[in-house]
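Worksheet: the structure to be examined is printed underneath.
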Amino acid sequence: MLLTTKFLRPTADPRAVKRDRLSALLVPDHQRRLNLVIAPAGFGKTTLVAQWCAQNTSPTAWLSLDEHDDEPRRFWQYVVGAFEHAGLPGASDLRKSLARQTDDDFIETVTGLVNTLASDGSPWTLVLDDFHYVGQAELLRQFSYFLDYLPPGVLVTLASRTEPQLPLARWRVRRWVQDIHPGLLAFSEEECRQFFEGTMGLAISSDDARAICRKTEGWVAAMQLSALSGHGSATEGHQISVDERHISDYVLTEVLDQQPRELADFLLETACCPRLCASLCDEVRESNNSQEMLERLLGQNLFLIPLDTRNEWFRYHDLFRDALLLRIQQTQPEKAATLWQNTIHWLLAHGHVQEAIAQIVRREDWPWLSEVLARHGNNLIHSGFHLPVLDWLDALPQNLVTDNPQLQMLKIWGLFFANRLDSLEPLLGALEDLLDRRVADSHPDAEGALGLQSEISLMRSYLARTRSDDKSASDLTRQVLREIDHTRIPLKSVTYYGLGLDYFGKGELVEAEDALRSAVRYGQVEHKPSTVLSSGGLLAWILYNRGDIDLALDTCLEIRQWVDRHYSDPSQPRLISCWQNSTLCEIYRERDNPKLAASHLQPLLEHVERGTEPGQHVVIQYVRGHLAFSEGRLDEAIEILKDAAYVGRKRRDQIVFEPPASTALLARCYLAGDQPVKARACLDSWSDTRFTNPLNLEQYQLAEARVLLALAQTQEALELLERLMTPAEESGHNRHLVEILLVYGEALGLLERREESEQVLARALGLAAEAGFVRLLAEESTDLRSRLLALPALKTPGRWNDRVRSLLQESLLQGSRPAAPPMETSDPVRSTSSPESAERRPEALPEPLSQRELEVLALIHAGHANKEIATRMAVAPATVKAHIRNLYGKLGVGRRTEALARARELGLLPT
């Protein structure tokens, strides 16, 4: 006798959410033999398959399995019985034959079923629900035989909590399998809303639906339990929330209590881990078999979510983990506390400080939190996590902070990086009083108090910069440098960064470079990625303005690689630097690659929208406006630069450094739109006496000279440019020097001093070519671009000449302002060949490249700097330089960009 109710397909509830996107995946095609619907309990597997069967016109046999069916004879009796109940001709005789069989080899029965299906010829569907109850090896072997020899058109659908031990890899290669995994079964926000309103009859807002969907991660059983617990309240206007008590009961009874003892123990013992890996679980459990246990859990789909593609890191579904934590805390509280402590010790020892702190906060162990913050808080702040540190400090009892100088200093740094400068002065004063008392009382940590004095001096130097008190800032910074070797606190990187800001603010770029290189070096030693990024970004900005574009790009890439190599955590946001991303945007804009420039600008725009430090706001808006200006989007550029100028004025007292002269660029936008009077008014509204940074003053006066030319005040412009030229040259402000020479040459031409004009413009071209400037030349006035095109120096052969000539011609054809040309590429290095040269068939090299030179070329193409090439090739840096010289000589080029472009033409590199 067979229990016929096991053959009854569940009736599809007309109120249930229609999941057409998933039903479409179950529809048979000419190759498929198996639909595999795998998910933990309560994800709606049976409902989905029942909905699909209700739409399916093919004859369907349904069998609901249970724990008694993991035995070959009983299993095949029920499978044949399901077909018989569904009306398969010949199934009755097959079942009677099976009942008379006395041995345990059921291959003959399986063969008979396959032949019966083949003889019928109909497109049958067999659904086996709860297939996770089948685990006997011999039975699985017989079922594999059944699948392997199914006749065409017959489709089997398995709904299971775990992936069965079948030859799925072989079947997937043959395209026999359609997988539907938990990620697909999870409800979307819209499906969640439909479930509450249509299925459960509860009113729910979009915000509530979104919150519940995120909390449950689309787990429909959890949503249903929440709806049942809140039934009636929603109609009265009360908010529906996730009912964790009912969900916990469901998890414990439907999942945990169904597991073997060793798996259940593993789940309980590792629930305290926010993320899981084998070594962490081994440490927590004091065992050595965690990798095997994780693989078993992964195979059984027990709410274990992979966090990488290597199956090294996992996490439990949050609600599942909460239920496990509740069980072990109720049944074994002492063991739960020990497991929790083991987890935190492992996280701290392996550098996962934030996760460790989150666990300490969850347990409200405030003394331990204060100890961990005093030890690790400084590095967290300088890694970009100042806001979480401030939140953790606020969570501590007040007496733990006020009696701890390290925590007070930590709060001061956090507030500084959060740009809450107004509150710092009283905190610094209170901290100094506490430290004085400790020194006077010979406190055991008097030496640490002296070290904190250096941090206080350093903080006061940054505050002095916000007041434009450069002398006090410089004196305090140098005082810290004198004392720094006598303290235990790693301050060198931050101190040298402040020194670099001082030199940069005075326009002393060479000295600024040296200080910032020291900041990068010490930041790497002190493990301060945020300081390394900021120092390296400002260094690259300076190199760009000095005309060392290749070196600026190499600096950005090297520092980015270091940070990603040492501080990449997929669970945390990627650290970025305003200076570095702004520099990369400027470099690629200047190299005429606006698409790549915009890709580096985009992460910064998110910070502008959320609200960022005012100095960074101005820098970001400046490069954003410059990109729009270069692309000819003048109206957009004007609005962006107006915002930058406004913030720069109104919040000057909160800016540590003097940002770029956005007003000068705004005036250029007005000139480009043929509005010289507006440009003049724009400059007049911002007196040059407000600039202390010579770079910004030069930029402002350059814009003023352009306005004077536009207003036909040529002689005044000439005199202003003559005053600018020598200081710019002596200070190495090469980008500005090129612009000064260009505008100076234009002024000479307007005064009919043609020979002098050509000489000056030829010099400007030479400096621009040496630095690799491209867009700079195409952003000048229409008259000046025409003069440049007429220069003999620009008509000589050469890739840079070809590209600049082509760009100038295009810009003149398109009007007074050039739009960005269509040739964009995601390659960081643009080819600079003209359309004509691109069509030419390149001649063979007079001397072929050696194997070593080809290797160097490939590494240059990959973006590696000379030092890294030397390391990869295991040779001295001087040897690499020699290879590069030979490489350039054979290719007939003088720069990296030209070498790469030439190599692409010759087919030595992919285009």
Side-chain angles (χ1 to χ4, degrees), residues 545-547 549 590-592 629-630 664 667-668 671-672 676 698-699 701-818 832 834 894-895 898:
N545 279 283
R546 282 174 56 103
I549 300 184
E590 180 57 48
R591 286 186 164 179
D592 195 31
F629 171 72
S630 294
R668 291 194 65 186
L671 289 178
E698 282 175 2
Q699 188 180 10
Q701 291 176 329
L702 257 169
E704 191 169 24
R706 290 186 171 98
V707 171
L708 289 171
L709 287 183
L711 294 173
Q713 300 174 34
T714 309
Q715 188 60 44
E716 292 89 337
L718 202 64
E719 293 170 1
L720 176 57
L721 292 164
E722 286 171 347
R723 294 196 300 270
L724 289 176
M725 200 172 305
T726 301
E729 190 168 8
E730 290 175 349
S731 302
H733 302 172
N734 293 328
R735 178 177 174 82
H736 284 172
L737 181 58
V738 172
E739 293 186 65
I740 291 167
L741 290 170
L742 288 171
V743 183
Y744 189 70
E746 182 180 11
L748 290 171
L750 292 173
L751 293 174
E752 301 298 328
R753 295 159 63 178
R754 298 187 182 279
E755 186 175 345
E756 293 177 77
S757 174
E758 286 191 9
Q759 291 174 354
V760 171
L761 293 178
R763 185 186 173 203
L765 284 178
L767 290 174
E770 184 179 344
F773 294 128
V774 177
R775 289 296 317 177
L776 180 151
L777 300 163
E779 291 171 358
E780 295 295 343
S781 69
T782 305
D783 179 67
L784 181 51
R785 280 178 274 149
S786 299
R787 291 176 185 272
L788 290 173
L789 273 174
L791 286 177
L794 199 58
K795 295 179 180 179
T796 57
R799 302 194 178 283
W800 183 85
N801 281 6
D802 288 346
R803 182 61 189 129
V804 170
R805 193 167 57 247
S806 174
L807 187 59
L808 291 172
Q809 290 167 345
E810 291 169 6
S811 69
L812 290 170
L813 286 173
Q814 293 169 4
S816 61
R817 290 308 313 159
T832 56
S834 67
R895 302 175 58 81
E898 294 174 354

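All values below were derived from every heavy atom in this structure, side-chain atoms included, with hydrogens, water molecules and symmetry-related copies excluded. All figures in this text were calculated on a predicted structure; none of them were measured in a lab.
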Please tabulate, for side-chain N and O atoms in residues 743-751, each donor-acceptor pair with protein atoms closer than 3.5 Å (sequence neighbours left out).
residue	atom	partner	partner atom	Å
Tyr744	OH	Glu722	OE2	2.9
Glu746	OE2	Ser781	OG	2.7

Any donor-acceptor N/O pair, Ser806 side chain to Arg803 backbone, under 3.5 Å: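 Between the backbone of Arg803 and the side chain of Ser806 there is no qualifying donor-acceptor contact (under 3.5 Å).
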
Test item: Arg785 side-chain N/O and Leu777 main-chain N/O as donor-acceptor pair under 3.5 Å: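 No: the side chain of Arg785 does not pair with the backbone of Leu777.
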
Compare every heavy atom of [Y] with every heavy atom of [X], then report the nearest pair and how far apart it is.
{"X": "Trp800", "Y": "Leu765", "result": "CH2-O, 3.7 Å"}
{"X": "Phe629", "Y": "Ala672", "result": "CE1-CB, 4.0 Å"}
{"X": "Ala762", "Y": "Leu791", "result": "N-CD1, 4.2 Å"}
{"X": "Leu671", "Y": "Pro676", "result": "CD2-CA, 3.8 Å"}

Sequence neighbours excluded, every pair satisfying side chain to side chain donor-acceptor pair (under 3.5 Å) that has a member inside residues 749-761: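 Passing the test, one end in residues 749-761: Glu752-Arg754, Arg753-Glu756.
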
Partners of [X] by side-chain hydrogen bond (donor to acceptor under 3.5 Å, both in side chains), sequence neighbours excluded?
{"X": "Glu719", "result": "none"}
{"X": "Gln699", "result": "Tyr622"}
{"X": "Asn801", "result": "Thr796"}

Reported [atom1]-to-[atom2] distance for the pair [X] and [Y], which is rounded to 0.5 angstrom:
{"X": "Arg723", "Y": "Ile740", "atom1": "CZ", "atom2": "CD1", "result": "11.5 Å"}
{"X": "Leu702", "Y": "Leu720", "atom1": "CG", "atom2": "CG", "result": "8.0 Å"}
{"X": "Leu709", "Y": "Leu784", "atom1": "CG", "atom2": "CG", "result": "9.5 Å"}
{"X": "Arg787", "Y": "Leu808", "atom1": "CZ", "atom2": "CG", "result": "14.0 Å"}

Non-hydrogen side-chain atoms of Leu767 and Asn734 separated by less than 4.5 Å: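 They are not in side-chain contact.
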
Side-chain heavy-atom pair Thr714, Leu708 within 4.5 angstrom cut-off: no

Under the salt bridge (Lys or Arg N to Asp or Glu O under 4.0 Å) test, residues paired with Glu590 that sit two or more places apart: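 Partners of Glu590 under the salt bridge (Lys or Arg N to Asp or Glu O under 4.0 Å) test: Arg735.
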
One thing to verify: whether [Y] and [X] come together as a salt bridge, which I'm taking to mean a side-chain N less than 4.0 angstrom from a carboxylate O.
{"X": "Arg763", "Y": "Glu729", "result": "yes"}
{"X": "Glu739", "Y": "Arg668", "result": "yes"}
{"X": "Arg805", "Y": "Asp802", "result": "yes"}

Full working for side chain to side chain contact (heavy atoms under 4.5 Å, CB included) between Leu812 and Leu789: CA-CA 10 Å; Leu812 290 170; Leu789 273 174; 3.3 Å; yes

Residue pair Leu761, Leu741: steps toward the side chain to side chain contact (heavy atoms under 4.5 Å, CB included) verdict: CA-CA 6 Å; Leu761 293 178; Leu741 290 170; over 6 Å; no

Asp592/Arg775 under side chain to side chain contact (heavy atoms under 4.5 Å, CB included): CA gap, chis, key distance, verdict: CA-CA 6 Å; Asp592 195 31; Arg775 289 296 317 177; 3.3 Å; yes

Worked check of side chain to side chain contact (heavy atoms under 4.5 Å, CB included) between Ile549 and Phe773: CA-CA 8 Å; Ile549 300 184; Phe773 294 128; 3.6 Å; yes

